[in-house]
Every structure is written in structure tokens, then in C-alpha cells.
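Since the structure comes first, as C-alpha cells, the remarks are kept for the end.
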There are 2 protein chains.
Amino acid sequence: MQTKTRKEQIYQVAGRLFSQRGYHATSMRDLASQLGMQGGSLYAHISGKEELLVEIVGQATDQFEAALNPLRAADLSPQQKLREAVRAHIRVVTDNLESATVFFHEWQHLSPEAYAKVVARRDVVEKFYRDLLEEGIDKGVFRQDLNVKLTAIMILSVSNWVYTWYREGGPLSAEQIADQYVDMLLPGLLVQQ
Amino acid sequence: MQTKTRKEQIYQVAGRLFSQRGYHATSMRDLASQLGMQGGSLYAHISGKEELLVEIVGQATDQFEAALNPLRAADLSPQQKLREAVRAHIRVVTDNLESATVFFHEWQHLSPEAYAKVVARRDVVEKFYRDLLEEGIDKGVFRQDLNVKLTAIMILSVSNWVYTWYREGGPLSAEQIADQYVDMLLPGLLVQQ
DNA sequence: CCTACCGATCGGTAGG
DNA sequence: CCTACCGATCGGTAGG
């Protein structure tokens, strides 16, 4: 296991600063000084400030996709698949709190091309939950009268919002948060027994 | 009904620009030009850039308090009170989409003193929901094993997150969104019949 | 509300 | 990775 390349170090410190102060409020000199170098020296490693934002937001999106995609074809009941999805989703948020914060807060400040790509990849995550809900409806597990789109947004709301309040060392693990959320949400989704 | 004062116009345009571009990415000259004046002229009306942020965030907080506080002592069942609270909460978000966006995105960039005040006022809103849940538990309506704090955060999550996706002219009104959310959430909160 | 300006700082580059 | 620098722009002020 090699130590981090200088480039990865730069991304990491940029993620921390962007999440704390915001993208536009972080100067390249702030970033450089935290890395023990001069402002201009950063450009030996990166092409510009926006590369940092593109990279951090891209890393976060990668993580969400890597966490959810394997569940698409998983052999689980809809209830169990929802539980595993929310667990994985919240774990991505809590394990990558800084890049998740940058992802949710700063992606609007990307250039139009990078912005469009992120929108498309966000839509994939939302579609994952819509497909999951529709699968559950087809199987007779979830209520037929669900508003699939709004329900997917509800699941995303609670899972994403974790980035605003979760702090390491808090009383609940990512799994515990997810399980308690799913326990509260499932009764409203399931058909009456 | 008097037309807006110049100061109110400045706050409004600042809210729009801050919500679109972010606080730090909006220059006082951008703002001035949208108002048909020169950059320096703004300072005849306001003390500085931060006054704008303080004012916009303060307006949003005022709205949340004004919407929820009257419900504290309302003579409603816990279920109905929850429904009215989420309706009012989401209505504040949808009716003030720009200042709500600034509130959720930019309040971290306030000076330490202004920041502390906003934190305190956010805690009041969260406490409103915790009190509501505890009242429902005491009355035997909500489950005794609810994690009150996490449940309050869940309600805040879905209600607040509306700012990220709601657009005027969409298929659902604030009331419809709120009602569908509450319909889905209540079964998980109520004691089994 | 304008003109003209202030010092400070910005992202980025040239040349080593 | 550093020194030294570029033009541009920042928030804000003085004086009218």
C-alpha cells in the first residue's frame, strides 16, 4: 500500500477546505499553505482550481454508484434491498463527509459541461430508488398507490441530509441511522397485511 | 400598499444572486448592475456585503418561526399537528425558494456572531418537532420506542430537502407534497392499532 | 447615486 | 517546487 501521491494529498486537503469554507471562499494560496508550498507550485500538479472541484465531486459520485449499483441485481426482497441501499448510501455520506459536503454544496459551481455530467449521474441514483420501488410494487410488496417519484425523493432526502448533521464519534453508526430510518419508513410503503 | 423600498429591492436581488451563484461568487458589482447602479452606490443603502447575508438568512429564519410557533399551542391531535407543521414548513420553503436556498447553503459563511444566532434559531425549529413527537408519545398516539431526536431530523430532512428540487409550476403544490410525505411517515410513527 | 480611487487579493504563468 | 510577476477583480471609501 503506497502512501498518497502528492496529487491525492492536494485533492484531500482541497476537499477539507472546500467543505469548510466553500469553493469560492477557498483560495489557491490557502490550499498551498496547508500543503506547505507556494501558491504557484500547485500548478505543477493540477491544471487549475476547477479540476479540484471536478475531481472531488466526481469521487463522491463514484462512491454512490459503487455502493448502489451492485444492489440492482441483488437477490433480496424489496424491503431488504431498500434497507441495504439506505445503509450503503448513508455509509458513503458518513465515510466521505467532506467530499459529500462539497458534492451537495458546490456542484452548482461547476462549468456547464461538468455540471451536466453530474446532473446525469445524480439522475442515475434517483432512478435506482425509483426502480427499486417499482420492483416492490410489481411484486405486491409495496403499495400500488405510491407516488414513486416523490417516495424516491423522500428516501434521498433523509439519506443525503445526513451530511448536514452527522459527526464522527456521534451516538449512532451509519448502519444504525439507516436501520432506524428504514424501520420508520417501511410501514408507510408496505401494503397492509 | 407601498412599493418596495430600495433596500428591500437590494435584498431581493441579492437573494436571487446568492441563491444562484453563491454568496462568495456574487460580487457587489454584479449586484449593483442588476439594480442599475454602480458598485459603490450600494453603500449608500447598506453597510456591507455581510449585512445582505445576515438579512436574507434572518428573513428565512423568521418565516420558519412564524409558520411553526402558532402551532405549538394549537388544539390539534399530534397527527394533525404534524401534518399542519409539515405543510407550513414546506410552504415556507416553496414560497421563499431563493432565501431558503441561501439559508441552507450560505449560513456557514456568516461571521461567528451571526452564525451562533442562526444555530440557536435552527435549534428552536428542531426542538419544535421533538416537542411535538414527545407530546404524541405522552398521549399514547406515537410509539413509545421512537428515537425522538432522529425522528425530528427525519422530518426536517424531507421538509428542508424540498429546496433542492421544487420548482414553481411543478405538478405538486406545497400542501400536496406535505400531505403525501405525512401519509407515508405517519404509519411508522403511530402505535399499532 | 456617481466618479474615481484605495489596498488587498484573486487565479494563473514564466523561467528557472 | 520557488521567485517574481501578470492583469483582473474584489469589497469598500472619499468627496461630491
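This is a predicted model, so every value here is computed, not measured. Lettering of chains follows the sequences in order, A, B, ..., and the numbering in each one begins at 1.
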Q | Separation of atom CG in A:Leu17 from atom P in C:dC10, rounded to whole Å | A | 13 Å
**Q.** Note, A:Ile10 side chain near A:Leu52 side chain (heavy atom, < 4.5 Å)
**A.** yes
Q) Rounded to whole angstrom units, what separation is found between the CD1 atom of A:Ile10 and the C1' atom of D:dC1? A) 11 Å
Q: Assign the ring pair A:Tyr23 / A:Phe18 to parallel, tilted or perpendicular, where the plane angle (0 to 90°) is split at 30° and 60°.
A: perpendicular
Q. Using purine N1 to pyrimidine N3 plus N6-O4 or O6-N4 for Watson-Crick, or N1-O2 and O6-N3 for G-U wobble, both under 3.5 Å, which nucleotide pairs with D:dG15?
A. C:dC2
Q. Does B:Tyr43 put a side-chain nitrogen or oxygen below 4.0 Å from OP1 or OP2 of D:dG12?
A. yes
Q.
What is the distance, to the nearest angstrom, from the NE2 atom on A:His45 to the C1' atom on C:dT13?
A. 16 Å
Q: Have a look at A:Ser47 and say if it touches a base, only the backbone sugar-phosphate, or nothing, with a 4.0 Å heavy-atom cut-off.
A: nothing
Q.
What is the distance, to the nearest angstrom, from the OH atom on A:Tyr23 to the P atom on C:dC10?
A. 14 Å
Q. Across all strands, who's sitting opposite C:dT9 as a Watson-Crick or G-U wobble pair, both distances under 3.5 Å?
A. D:dA8
**Q.** Salt bridge A:Lys127-A:Asp123, side-chain N to carboxylate O under 4.0 Å
**A.** no
(Q) If you take the centroid of each ring, where Trp contributes its six-membered ring, are A:Tyr166 and A:Trp161 closer together than 6.0 Å? (A) no
Q) What is the distance from NE2 of B:His24 to P of C:dC10, rounded to the nearest Å? A) 11 Å
Q. To the nearest angstrom, how far is A:Glu51 atom CD from C:dG12 atom C1'?
A. 14 Å
(Q) Strictly below 4.0 Å: does B:Ser27 bring a side-chain N or O up to OP1 or OP2 of D:dT9? (A) no
(Q) Mind checking if B:Gly39 touches a base, just sugar-phosphate, or nothing, with heavy atoms under 4.0 Å? (A) nothing
Q) Between B:Met37 and A:Arg29, who's closer to the 5' end of DNA chain C by nearest nucleotide? A) B:Met37
**Q.** B:Gln38 CD to D:dC10 C1', straight-line distance once rounded to whole Å
**A.** 16 Å
Q | Nucleotide C:dG12, atom P - distance to CD1 of A:Ile46 in whole Å | A | 8 Å
Q) Relative to the 5' end of DNA chain D, which residue comes earlier, B:Lys49 or A:Arg6, by the nucleotide with the nearest heavy atom? A) A:Arg6
Q.
Applying the ring-ring contact (aromatic ring centres under 6.0 Å, His included) criterion to B:His105, which one of A:His109, A:His24, A:His105 satisfies it?
A. A:His105
